[in-house]
Amino acid sequence: MSDRRKPFPFDEFEPRWQQLWDAEKTFRTPNPGDADFDASKPKFYVLDMFPYPSGAGLHVGHPEGYTATDIIGRAKMRQGFNVLHPMGWDSFGLPAEQYAIKTGQHPRVTTEANIKTFKRQLKSLGFGYDWDREIATTDPEYVRWTQWIFLQLYKSYFNEETGKAAPVSELEAKGWTREQIDAVRLAYIHEAPVNWSPDLGTVLANEEVEEWKSKGHTVERRPLKQWMFRITKYAQRLIDELDPLDWPEGIKLLQKNWIGRSEGAEVHFDIPGIVSPTAVDDWTEVDGRPPVPSKIAEHVITAFTTRPDTLFGATYMVLAPEHPYVSEITTAEQKDAVESYIKACASKSDLERGDLNKDKSGVFTGAFAINPVNDEQIPIWIADYVMMGYGTGAIMAVPAHDERDFEFAKKFELPIVPVVQRSTGVPPVNPGSPTLHSPYYDPSGNIPTTATERNLPHWQQDGRSYFVTWRLADSLPQEKLNQWKLERAEWTKNHPGELTDDQQAEFHDLFSARIDDWLDQGMGSCLLADPACNRIVASALRHFDGERYDLEAFVVMPNHVHVAVRLHEGEDLSKVLHSWKSFTSKEINKARETSGEVWQDESFDRIIRSPRHLGAVRKYISENPAKAGTTVDEGGLYVKESNGLPPSTGGTPVLPFSDHGTAINSGFLDGLPTAEAKAKMIDWLESEGKGVRRINYKLRDWLFSRQRYWGEPFPLIWNKQTGEHEAIPESELPLLQPDMEDFKPTGDPRGPLVKATDWINYTDQFERETNTMPQWAGSCWYYLRYCDPRNNDRFIGEDVESYWSGTPEGQSAIGNRQSAMVDLYVGGTEHAVLHLLYARFWHKVLHDLGHLSTNEPFQKLVNQGLILGEDGQKMSKSRGNVVNPDEVVRDYGADALRLYEMFMGPLTEVKPWQMKGVEGVSRFLARVWRVAMEQDQAGEWTVSSKLQDVPCTDKSLLKVVHETIKKVTDDIAKMSFNTAISQMMVCTNAFTAAEVVPMKEFTLLLSVLNPFAPHLTEEINRLIGGKPQLAHQPWPEHDEAALIESEIEIVVQVNGKLRDKITVAKDAPKEDIEAAAQATDKIQEQLAGKTVRKIIVVPGRLVNIVAH
RNA sequence: GGCGGCUUGGCGGAAUUGGUAGACGCGUUCGACUCAAAAUCGAAUUCUUCGGAGUGUGGGUUCGAGUCCCACAGCCGCUACCA
């Protein structure tokens, strides 16, 4: 392959141009203060996620994002922006250290070698990076500022009043003690069970556990002292401030879910026998004061719940096995069982705990708690389905309304009390719905329907299936109904025209939802709950089954009836309904010795549209009692047993029911919808001192310590006497790791640095912290350092920071809300949560402390899609489908690789590699080359004789060229590179076909192709005498005049089907177009024997003639 | 289980946001050049019983639907006892 003839001499000119760009510093970005800095130019900061320089070298996935940003950067530069497009290395990391341990080589050596390879590879692709700004997170100067930023966090706390970070010196001034301050620092030391990996010899963040386990390392839980960041204080801001960012909605959602905000309450459960004066939450700060260990904490167990409205249904409690109170509350009889259970859990990995989750396990502690709302004694259990890491590590179990609690209660035969009932109402049906046009029921399409109006629309068709619902008369007073109808009519009058979604919802709330709400409140007599009445209705429904109709399913609920029924030919729904209603009302009155209306006039009915719809209706009916939380009398529920539906559930309610509904069996909450019941319960809890409103987050504080050699050491020292920690002076930064021969993990949880005894010993009084920072530390702020990479006085200069955070006018192509520093950030989804969350956190802290003017780092985020192997599988060495970019460059050139990766498909999509596709794109580049160049007898390339410096006389060629400028410009802004390339191919094909290639127009094509294929275009431009370099030329603008044609082709449709095309003058009046459209032979043929009903003219596009 | 994404020729993918479905490229076929091949150039290429049919399936809205609405299915990704 490599010896095959090159279609154009890329192997000669590509390296030459790369050297020129290097030597000339073509892509150097001037900073404020530089001699060539032009303050009038708007800034544009486009950033790639910097790579971890692994030993394997560049992967074809890397250039995907890098080419995209390079195209944008190059285009923006030529559009007059001061473009910052830097590259660097995320060079700390476990693989380098693991490799070092294996080979005995210092990780710095391997890291530097890897960086060299990466850099060579990136340069061979011709990316326009400003290499003067290259940084590596392992550079001592970079480490200095990483440590400096850590110290800013260490010296700060989160001020609850302002919602911002502030220096702890404020608290010192207020007279806080050392202990109190340490308890609120953003960086704090904490003893907690952590994920300790014995063979890596380090602690891992929860998020990292799976990754390393999958690589075959073991991880266990173990309590250790660790440095933590109080990122949870920023949870709300990390959610809220996501909103204005131009990120993919999916990524925003991922972050929100990760932070996992949930609203609810903490409920305090007293343990009897021990008096609790007031319930105090021992884990929270009160009035912004530092936490005070509660004196009564051991008397009270606090549980977090998102459903305080179900408190009446809480029939037991469950603690996590690790919960600190377990040993205290366990009774003597249960002690052995509890202890052995805890032991069993500890030996289970998280994976086992989670994966084999179907079978619930647990042990009774022997202790009881008091349910504050009804003073009932409820047993306290421990079980591993409750996690110590979320909420308070204790739950109130409501088995009737929580799946997990339900399973547990069933297994251990704990009481189940339903306290929420499904709000009754009609099932969801297609709202947009003239159900009458269903071909399922009438293949002829000729639909004999009658619409009868009786309170509500009443559609009828012969022999169809219906779903009918009607209610007891006293379930809704007529005057109420009438009043609501009037209000609805009024509202409709005030809202003419089409309704927005919101208005539709409002409209629904005004009437249908009101009826449902009313009924759900359990109003009315619910006399059908009486088995006698229930049976009357059921037998009436069955009476004509098989004679006048076939019953599909029905259910008799306490205050309403649902029936799915297929009418026999010739039957009339309203008559059938009437006979049911009149017979049953007579019988019910007789049975109850009453008189008067039993049923409401109103009934709801709809045609069942399809077998599938029928299935849904039957399912709805069969589940209805259970969902509503009621039972029906035997016989009151019927589902035809023929089509694979689950058998009728009889009278047993199906629990758990975890949706919202209406409170029942709940004292003062009865009848309230869930939302209101929640609020009322929280109010009650707070007024009684039995609980507090609480917003809980899934997000945990960030474990920032690692026990490794190859990471930034913490710039902290410990007082050997007092055991207090403090910062080393900033003048001592950077604090580098000592040179060590042996950096193997020791198994000592303090990490390998403990072996460097001299280094540790800071003074006689102090010794150094031996933990190091995780890889995230460097990647959290690298985008800041790029702005000012050689500044030795600050992590980023103030002027520089202000310039690169700026919001100059007129830069709207990418991202329209410039509130963040980086305008465009491109990288893989794998960093969607952690890296981006951590970087945002640091950025916000630095912003709060006054070091940054923006509060978010990345304005627009784009995730490039994964490139799969040629077999459609993920590329991997074991599958042998890995494509090496070096080989592609060798065989086809850098431009071809760049162009192919952009031509494969949309940047964000997952797509398979096709080597044939690279060839295709290479052919395209060769065609561009041959438009300008031809080979003489000797095989030497010379400028083609077709290429002439003459005005372009070919109108259509001129049009294509300007269309191309327009489309490529727009498509780059949209990051739709594949379509831009396709347009340039069209343009090139036009040049290839042309007899004479006008120099000026051809140069325009080169000009827009330049960001995609910089080497080829610069080389051709040089050979044909173009000056200056394209990289220094302004971006071309298209000529609107060249796009306009005097005549346009218009499509003629008859009844929406394409039948002919006509050519008309660009500004022909509508009438002329209509006439011309009807005049053609083909159209005449189509219209023969038909009457033209309507003609639709879409200017410049089509004519549609509607005729029957 | 939850959340998110995707579904258009033999393949990768276009489609001006409701207006000619299949741009562009790959592959395939035919032709030109050539002793021949490669390379290059040109033509054709959704299916079709030549009436039409056709964007995962079924319905709906519309003069008109790949695009909007409803329901369903199938793939892929992430996440998982989150109380």
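To find a chain, count down the sequence lines: A is the first, B the second, and so on, and within it residues start at 1.
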Walk along nucleotides 18-27 of chain B from 5' to 3' and tag each nucleotide B, S or - by protein heavy-atom contact under 4.0 Å, base first, then sugar-phosphate.
-BB--BBSSS

In terms of the nearest nucleotide of RNA chain B, which residue is placed more toward the 5' end: A/Tyr900 or A/Arg930?
A/Tyr900

Excluding sequence neighbours, so at least two apart, what forms ring pair (Phe, Tyr, Trp, His ring centres under 6.0 Å) with A/Tyr697?
none

Under 4.0 Å, counting only non-hydrogen atoms across every strand here, what does A/Val910 touch: a base, just sugar-phosphate, or nothing?
sugar-phosphate

Name the orientation of the base relative to the sugar in B/G5: syn if the glycosidic angle is within 90° of 0, else anti.
anti

Residues two or more places apart in sequence or in another chain: which of them pass side chain to side chain contact (heavy atoms under 4.5 Å, CB included) with A/Glu1047?
A/Thr1063

To the nearest angstrom, how far is A/Trp258 atom CH2 from B/C82 atom P?
15 Å

Tell me whether the rings of A/Phe8 and A/Trp929 are parallel (<30°), tilted (30 to 60°) or perpendicular (>60°).
tilted

Of A/Lys1094 and A/Ile395, the one whose closest nucleotide on RNA chain B sits nearer the 5' end is A/Lys1094

Give one of base, sugar-phosphate or nothing for A/Lys698, where a contact means two heavy atoms less than 4.0 Å apart.
base

Donor on one side chain, acceptor on other, A/Asp701 and A/Thr232, under 3.5 Å
yes

Collect all protein-nucleotide pairs involving nucleotides 45-48 of chain B in which both atoms are nitrogen or oxygen and the distance is under 3.5 Å.
none

A/Phe977 meets the ring pair (Phe, Tyr, Trp, His ring centres under 6.0 Å) criterion, sequence neighbours left out, with none

Applying side-chain contact (heavy atoms from CB on, under 4.5 Å), run through A/Leu836 and A/Trp247 and close with a yes or a no.
CA-CA 11 Å; A/Leu836 290 171; A/Trp247 289 19; 4.1 Å; yes

From the list B/C81, B/A53, B/G13, which nucleotide is the closest neighbour of the side chain of A/Asp384?
B/C81

So if I take every side-chain heavy atom of A/Tyr385 and compare against B/C81, B/C41, B/G52, which nucleotide ends up nearest?
B/C81

Ring pair (Phe, Tyr, Trp, His ring centres under 6.0 Å) partners of A/His831, counting only residues at least two apart
A/His835

May I ask you to say what A/Arg1093 touches in the nucleic acid, namely base, sugar-phosphate or nothing, with a heavy-atom cut-off under 4.0 Å?
nothing

Do A/Lys967 and A/Asp970 meet the salt-bridge criterion of a basic N to acidic O distance under 4.0 Å?
no

Going by the rule side chain to side chain donor-acceptor pair (under 3.5 Å), which residues pair with A/Arg930 if we only count those two or more places apart in sequence or in a different chain?
none

Could you list the residues that satisfy side chain to side chain contact (heavy atoms under 4.5 Å, CB included) with A/Glu870, not counting sequence neighbours?
A/Trp913, A/Gln914, A/Met915

Under the ring pair (Phe, Tyr, Trp, His ring centres under 6.0 Å) test, residues paired with A/Tyr390 that sit two or more places apart:
none

For residues 304-313 of chain A, pull every pair meeting side chain to side chain donor-acceptor pair (under 3.5 Å), keeping only residues two or more places apart or in separate chains.
A/Arg307-A/Asp309

Using a 4.0 Å heavy-atom cut-off, write out nucleotides 3-9 of chain B from 5' to 3' as B (base contacted by protein), S (sugar-phosphate only) or - (no contact).
SS-S---

Return one dot-bracket line describing RNA chain B 5' to 3' (Watson-Crick or G-U wobble pairs, both distances under 3.5 Å; ( ) same strand, [ ] crossing, | another strand, . none).
(((((((..(((......[....)))((((((.......))))))((....))..(((((..]....))))))))))))....

Is any side-chain N of the basic residue among A/Lys252 and A/Glu249 closer than 4.0 Å to the acidic one's carboxylate O?
yes

